[in-house]
Engineer: 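The structure under discussion is supplied below as structure tokens; questions concerning it will follow.
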Amino acid sequence: MDKVYEPRDIEQRLYAEWESRGYFAPQGSGSPYCIMIPPPNVTGTLHMGHAFQDTIMDALTRYHRMRGDRTLWQVGTDHAGIATQMVVQRQLDAAGQSRTQMGREAFVERVWEWKAQSGGTIARQLRRLGASVDWQRERFTMDAELSRSVTEVFVRLHEEGLIYRGKRLVNWDPKLLTALSDLEVIATEEEGSLWHLRYPLEDGSGHLVVATTRPETLLGDSAVAVHPDDERYRHLVGKRVKLPLTDRLIPIIADAFVDRDFGSGCVKITPAHDFTDNEVGQRHGLPLFNIFTLDARLNDSVPARLRGLAREQARERVLEELSGAGLVERVDKHRLMVPRGDRSGVVLEPLLTDQWYVRIAPLAGPAIEAVEQGRIRFVPENWSKTYFEWMKNIRDWCISRQLWWGHQIPAWYDAAGNVFVARSEAAALAAARLMHGEDTTLTRDPDVLDTWFSSALWPFSTLGWPEDNADLRQFYPGNVLVTGFDIIFFWVARMIMLGLKFMGDVPFREVYVHGLVRDGEGQKMSKSKGNVVDPLDIVDGISLEDLVAKRTTGLMQPHLAPGIEKATRKQFPSGIEAHGTDALRFTFASLATQSRDIRFELGRVAGYRNFCNKLWNAARFVLMVCEDKPIAAPHTLPQGVVDRWIRSRLHDALAATESAFADYRLDQAATALYEFTWHEFCDWYLELSKPVLQGDDAAAAAATRRTLLDVFEALLRALHPVMPFITEEIWRRVAPVAGEAGESIMLTPWPDQAAFMADNVALADVEWIKGVILGLRQIRGEMDISPARRLSPLVRDAADSDRQQFARHAALLARLAGIDSVKLLDAGEAAPASAAAVVGNMTVLVPMQGLIDPAVELTRLTRKREKNDQEIGRARAKLTNPNFVNHAPPEVVATERERIAQFEKVNDSLARQIQIVQGLVTTGQV
RNA sequence: AGUCGCGUAGCUCAGUGGUAGAGCACUUCCUUGACAUGGAAGUGGUCGGUGGUUCGAUCCCACUCGCGACUACCA
């Protein structure tokens with residue numbers, strides 16, 4: 001084995017093997033365990049959020065597979081309607097082609113080509129991460145089978161009256177020329193103005209002042225509203241004003257929604273272009289004046305001179321004309337919430353159009369109950385509040401999009417505009433002809449469904465629904481959904497609603513909501529900020545030049561490139577080193593806390609790369625001392641205290657890891673395993689084993705080899721869910737030596753705690769050994785005594801048990817503490833001038849012999865005593881407080897008394913020692 | 001406006017009603033046959049502030065300051 005772990009070649013080779021041997025498919029007869037991957041955009045690429053999420057899911061999947069569950073991690077991709085269509089459209093633009101010229105069929109064909117070309121990227125990237133998804137079952141939301149599910153759901157919902165078509169105000173994207181759902185609207189606070197406009201009263205007796213942030217929509221006003229109790233305007237209610245720039249007379253109405261303290265207290269009502277106004281309009285039976293075209297220009301309903309103006313120009317012109325007429329009273333600066341499309345970024349326009357909607361209330365009720373009743377559990381629990389908050393105020397879901405890429409709505413119209421919703425065109429036609437005659441012809445609704453409509457079916461459409469089959473029965477409901485909080489509404493809630501509706505059961509039992517990965521400064525990673533890190537660049541490494549190129553090409557706003565380049569060069573002066581997949585995965589696991597934001601820092605990955613290397617070298621050691629050497633038979637219980645100790649510690653580490661997995665606390669699992677591997681197994685056990693392995697007792701050495709192999713092999717398995725590659729690579733070398741059969745660590749069972757006994761006696765003994773070693777190391781460390789220098793310490797106040805321990809562990813102490821001999825002093829026996837370490841009830845003395853500066857030793861001892869004094873002070877304060885003694889639980893009081901006794905004992909020794917050393921310092925003798 | 005979250009070592013974060021932890025960084029020493037991507041020792045924190053509950057609060061409660069996210073029809 002190489003001295004340094006080199007993941008590069010190992011990872012891809014192992015993954016190919018796993019996949020080709022079919023290890024990822026559900027196996028065995030254990031209870032089913034299923035995770036549905038949140039399907040990434042088929043033409044997308046893997047980002048840090050994916051990598052984080054996939055690491056969590058893979059760790060859970062591998063863990064459950066090892067626990068014997070019949071495990072399925074369902075993989076697949078999403079067609080991502082708007083996003084994908086935009087990408088292809090941009091490609092066409094660049095090539096000087098136009099979508100509309102091309103026609104629908106050719107365009108859709110073109111998108112499929114793009115999918116074929118780029119669709120494999122994210123799958124390849126998933127493989128590099130080690131994701132143990134079952135590729136045999138890979139699905140795509142526009143596969144024939146899944147499309148069939150979509151149609152089926154649509155038709156059934158329509159039959160039940162839960163899908164309807166209606167002309168309503170909808171969030172319209174004037175750039176993409178499609179309707180959007182409420183969730184696709186990003187409300188941003190922006191700087192704007194509040195214009196105070198004068199609307200002349202019909203009778204010429206003056207004017208009303210109306211405050212608005214959108215003066216151009218004045219052309220579509222139907223009324224002016226005031227609060228019914230507003231004394232200033234009460235007498236005007238029922239009268240009319242002359243709408244400026246038009247000849248229309250509009251009424252002054254009273255409605256309690258008006259806030260008297262905002263603006264002038266008078267609101268213009270534009271029912272065709274504002275959601276609130278629309279409701280007011282309905283309440284008061286006001287007419288709707290649509291003044292915009294689909295691309296947000298003024299239409300023919302406005303005065304001829306204004307027609308065709310884009311809404312921004314329209315605003316200018318309207319204001320010009322109003323000020324010309326003296327109708328602008330004043331303009332205030334005003335911060336307002338502006339609705340923008342989450343894809344296009346342009347300001348959305350509430351527009352009156354025909355769209356399809358899902359009547360959501362009947363679906364939301366059961367979905368709320370499912371969570372209330374605990375049939376679905378959010379982890380962390382808090383997210384259920386967010387879920388309830390939204391679900392209880394949910395509004396009908398606009399599901400039609402004026403796009404070409406997606407599931408076309410299964411609705412057909414005859415010439416008279418009658419609509420036929422059916423599973424196929426033939427069925428629609430049959431129905432139409434039955435009703436309206438044999439010569440009826442149909443045209444299909446051109447719209448497609450919101451991408452999230454098909455995503456909502458993912459937990460059952462991927463398993464073959466509406467067919468009934470074994471997979472569906474086994475793997476629905478899934479066990480856990482792993483997702484970010486950003487799509488609780490978009491996806492989680494909708495899966496719950498439709499799962500309950502069509503499967504009669506929840507789609508998953510638990511929803512594990514993880515945090516969002518941000519950069520080291522806490523900024524969201526985005527291409528335009530230039531702070532994106534490709535997870536595979538952390539795995540494989542990347543040169544600075546390549547990184548700069550990657551970050552600065554293909555920018556939507558090319559002018560940002562220089563800034564991005566500069567920042568990148570500063571942050572990564574020499575590019576990014578290769579860290580390997582396992583190091584990255586371990587990093588993600590360690591970051592999987594319950595916090596909402598996760599700051600990703602490369603330094604952390606480097607730390608875990610070092611951890612991989614540590615494990616690698618532990619393997620080298622284990623192999624070196626075990627290969628071709630006598631090894632005790634498996635299942636022989638070790639007698640050596642150190643062997644028993646490490647087994648007991650592994651027992652605890654496994655318990656901690658298991659409970660961490662059960663709680664979705666991968667950070668705690670990672671910590672438990674890291675801690676055990678590095679600070680117990682490597683730092684102590686490997687060192688403590690050396691004297692035995694090199695000693696004369698062949699039987700003891702063979703027994704230690706057994707434990708070494710047992711513990712290490714089990715450790716590899718415990719680490720495998722998080723670090724699949726390195727553990728597999730090492731396991732294949734170690735398993736044969738350990739006498740373990742099997743092709744792959746992937747197929748081994750999760751280590752059994754019962755095989756590693758808890759052993760309190762061994763724990764106490766090793767604590768004693770460590771105490772002596774640490775005490776001596778401290779003296780060495782602080783006195784700068786060379787490790788090469790052997791010591792011959794003396795021990796004062798040794799009890800019989802201490803004597804026995806010294807005798808038993810002489811070889812260990814000789815090696816780890818670097819001591820030649822130990823002399824146990826009798827009571828009252830004089831000692832030479834020494835540095836001292838208090839260990840339990842005894843004091844270990846290292847004769848100074850010119851090695852030790854008494855002054856330094858004096859400071860050291862004094863500092864120790866001061867610390868102890870603080871503890872004693874605090875403990876005494878408690879114990880002298882009668883309230884504490886009377887009210888605190890007796891065991892707490894007892895512990896406190898013990899502590900104080902212990903500290904005092906130590907301080908007695910220290911005081912004695914300080915006195916001696918003090919003497920040396922003042923006399924200058926050593 | 002409403003809902004939720006965060007504030008702990010220089011940095012990034014765990015954590016607990018009774019003794020405050022990790023990683024990185026920092027200081028000193030060490031090329032000891034697993035590992036310098038290493039080993040040993042060490043420095044560093046009135047746990048945002050105030051008040052309350054309690055024998056005891058970093059932890060529970062209230063208020064407050066600072067930051068953030070989400071939801072929402074103040075034109």
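Just so it is clear: chains get the letters A, B, ... in the order the sequence lines come, proteins before strands, and each one is counted from 1. For the numbers below, each heavy atom of this structure counts, side chains included, while hydrogens, waters and symmetry mates do not.
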Engineer: For Val328(A) and Leu319(A), which heavy atoms make the closest approach, and how far apart are they?
Structural biologist: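 Closest heavy-atom pair between Val328(A) and Leu319(A): CG2-O, 4.3 Å.
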Engineer: Any side-chain N or O of Lys3(A) under 4.0 Å from OP1/OP2 of G38(B)?
Structural biologist: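 Checking G38(B) against Lys3(A), no side-chain N or O comes under 4.0 Å of OP1 or OP2.
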Engineer: Can you see if the side chain of Gln778(A) gets near the phosphate of G42(B) - specifically, an N or O under 4.0 Å from OP1 or OP2?
Structural biologist: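 Checking Gln778(A) against G42(B): at least one side-chain N or O falls below 4.0 Å of OP1 or OP2.
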Engineer: Which nucleotide sits closest to the side chain of Lys614(A): A14(B), C35(B), U28(B)?
Structural biologist: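 Looking only at heavy atoms from C-beta outward on Lys614(A), the closest nucleotide is C35(B).
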Engineer: Is the distance from OP1 or OP2 of A20(B) to the nearest side-chain N or O of Arg874(A) less than 4.0 Å?
Structural biologist: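 Answer yes for this pair, as a side-chain N or O of Arg874(A) is under 4.0 Å from OP1 or OP2.
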Engineer: Can you tell me if Asn610(A) touches the phosphate of G38(B), counting only side-chain N or O atoms and a distance under 4.0 Å to OP1 or OP2?
Structural biologist: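 Checking Asn610(A) against G38(B): at least one side-chain N or O falls below 4.0 Å of OP1 or OP2.
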Engineer: When we call it a touch if two heavy atoms are under 4.0 Å apart, what does Ile186(A) touch: a base, just sugar-phosphate, or nothing?
Structural biologist: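 Nothing, no heavy atom under 4.0 Å.
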Engineer: Check this one for me: any side-chain N or O of Arg780(A) less than 4.0 Å away from OP1 or OP2 of A40(B)?
Structural biologist: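 The answer is no; no side-chain N or O of Arg780(A) sits under 4.0 Å from OP1 or OP2.
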Engineer: Just by protein heavy atoms under 4.0 Å, how would nucleotides 70-75 of chain B read 5' to 3' in B, S and -?
Structural biologist: SSBBBB
Engineer: Hey, is the side chain of Lys385(A) pairing donor to acceptor with the base of C4(B) inside 3.5 Å?
Structural biologist: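 No, the side chain and the base share no sub-3.5 Å donor-acceptor pair.
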Engineer: Would you say U32(B) has OP1 or OP2 under 4.0 Å from some side-chain N or O of Arg790(A)?
Structural biologist: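 For U32(B), OP1/OP2 do not have a side-chain N/O of Arg790(A) under 4.0 Å.
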Engineer: What stem regions, each of at least 3 consecutive Watson-Crick or G-U pairs below 3.5 Å, can be found for RNA chain B?
Structural biologist: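 The stems are B:1-7 with B:65-71, B:10-13 with B:21-24, B:26-30 with B:38-42, B:48-52 with B:60-64.
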